[in-house]
Amino acid sequence: MPVRLGDTAPDFTAPTTQGTIRFHEWKAGKWAILFSHPKDFTPVCTTELGAVAGLKAEFDKRNCKMIGLSVDPVESHVKWEGDIKDVTGHEVNFPMIGDADKHVSNLYDMIHPNASDTLTVRSVFIIGPDNKVKLTLTYPASTGRNFIELLRVLDSLQLTAKYAVATPADWRKGEDVIIATSVSDADAKTKFPGYVTKKPYLRVTPQPT
Ligand code: BEZ
């Protein structure tokens with residue numbers, strides 16, 4: 001069964017490069033990003049893992065823990081970490097699950113047999129403090145992900161969880177936002193004074209803080 005938006009992220013216990021982790025206990029009410037890569041000691045994956053490590057301070061600022069996964073064993077991940085440091089300059093500073101028995105991959109539907117029978121695709125799950133799935137993404141093996149985009153999505157998710165707003169295309173933190181269509185004009189006048197009506201269904205306001 002695929003894991004879909006709004007579902008409770010399946011819990012699991014798995015070996016990682018930082019010891020055995022029970023997922024819900026490990027994330028402990030924080031945001032988390034669980035992401036898979038196809039295989040250790042491969043070129044695109046090496047650049048991706050380094051990119052995530054280099055952005056750790058940004059994920060920390062957003063109260064978000066990162067955890068990687070492939071079907072390679074933990075011992076392989078540990079050996080590969082040296083290459084990631086050599087190539088990208090970043091020490092891997094988050095746990096990587098060794099999912100050799102494919103338990104987590106199957107729970108999260110990370111193996112797409114028409115892409116590969118045996119390897120995980122590049123899946124991403126953003127999971128909220130309430131353990132609900134807030135975003136899913138699937139990339140093919142040939143395309144490395146843009147992890148800065150995940151920071152942008154986190155900014156949007158965290159803002160829209162707090163205020164009755166949505167964020168427009170290509171929005172970045174600090175830019176104007178859209179008032180949720182569930183908010184009446186009367187309520188919008190008190191909640192977002194001075195908002196601009198571009199269309200009756202498209203009302204724009206400065207980002208609330
Ligand atoms: C890569 O990371 O470059 C890669 C991984 C698995 C299959 C193909 C490419």
Side-chain angles (χ1 to χ4, degrees), residues 1-5 7 9-10 12-21 23 26-27 31-60 62 64-127 133-154 157 170:
M1 268 285 281
V3 175
R4 295 180 172 163
L5 300 192
D7 291 355
F12 57 82
T13 301
T16 83
T17 49
Q18 297 183 3
T20 299
I21 278 178
F23 184 55
W26 170 82
K27 71 184 279 302
W31 292 80
I33 297 183
L34 168 64
F35 67 101
S36 56
H37 65 270
K39 197 165 176 45
D40 294 358
F41 298 100
T42 54
V44 177
C45 299
T46 300
T47 63
E48 285 196 323
L49 278 279
V52 173
L55 289 170
K56 178 157 192 316
E58 290 298 322
F59 287 109
D60 285 349
R62 291 161 177 82
C64 182
K65 297 179 89 168
M66 304 297 289
I67 185 163
L69 173 150
S70 83
V71 297
D72 297 296
V74 165
E75 304 77 59
S76 164
H77 293 337
V78 171
K79 283 189 195 137
W80 182 36
E81 285 181 351
D83 286 3
I84 296 168
K85 172 89 193 325
D86 283 350
V87 171
T88 69
H90 297 295
E91 201 86 58
V92 178
N93 45 22
F94 54 87
M96 266 195 279
I97 297 166
D99 193 35
D101 66 1
K102 301 190 172 75
H103 174 63
V104 182
S105 309
N106 287 329
L107 260 185
Y108 280 81
D109 195 35
M110 291 165 162
I111 296 177
H112 297 195
N114 290 322
S116 166
D117 277 345
T118 51
L119 304 179
T120 43
V121 291
R122 298 189 196 279
S123 297
V124 180
F125 297 87
I126 301 187
I127 300 157
V133 175
K134 309 293 184 186
L135 168 137
T136 66
L137 275 177
T138 308
Y139 275 46
S142 53
T143 305
R145 287 158 285 193
N146 181 337
F147 292 92
I148 291 174
E149 167 64 2
L150 299 186
L151 296 172
R152 194 189 73 87
V153 174
L154 274 173
L157 288 170
D170 301 328

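Being a predicted model, the structure only gives us computed values, none of them experimental. Whatever order the structure lists ligands and atoms in, that order sets their numbers, starting from 1.
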(request) Any chance you could measure L157, atom CG, to R152, atom CZ, to the nearest 0.5 Å? (result)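 Going from the CG atom of L157 to the CZ atom of R152 covers 10.0 Å.
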(request) State whether a side-chain donor-acceptor pair under 3.5 Å links H77 with D40. (result)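 The answer is yes; a qualifying pair exists.
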(request) May I ask you to identify the nearest protein heavy atom to atom 6 (C) of ligand 1, giving residue, atom name and distance to one decimal place in Å? (result)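 The closest heavy atom on the protein side is P38 CB, 3.6 Å.
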(message) Counting non-hydrogen protein atoms only, what is the nearest one to atom 8 (C) of ligand 1? Give residue, atom name and distance.
(response)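 Sorting protein heavy atoms by distance from atom 8 (C) of ligand 1 puts A141 CB, 3.9 Å first.
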(request) Would you check whether V44 has a nitrogen or oxygen atom less than 3.5 angstrom from a nitrogen or oxygen atom of ligand 1? (result)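 Indeed, backbone or side chain, V44 has an N or O that close.
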(message) Geometry only, no angles: is K39 polar-contacting ligand 1 at N/O separations under 3.5 Å?
(response)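 Min N/O separation from ligand 1 is not below 3.5 Å for K39.
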(message) For the backbone of V104 and the side chain of D99, can you confirm whether one donor and one acceptor N or O come within less than 3.5 Å of each other?
(response)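 Yes; judged by distance alone, with no hydrogens or angles, the pair exists.
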(request) Give me the ring orientation class for H37 and W80: parallel if the planes are under 30° apart, tilted from 30 to 60°, perpendicular past 60°. (result)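 Because their plane-to-plane angle lies in the 30° to 60° range, the rings of H37 and W80 count as tilted.
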(request) Hey, can you tell me if F35 and F94 have their rings parallel, tilted or perpendicular (30° and 60° cut-offs)? (result)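 Tilted.
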(message) Distance under 4.0 Å to a non-hydrogen atom of R122: what atoms of ligand 1 satisfy this?
(response)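 This gives 1 (C), 2 (O), 4 (C) as the contact atoms.
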(request) Determine whether the side chain, the backbone, both or neither of C45 has a heavy atom under 4.0 Å from any heavy atom of ligand 1. (result)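 Both of them.
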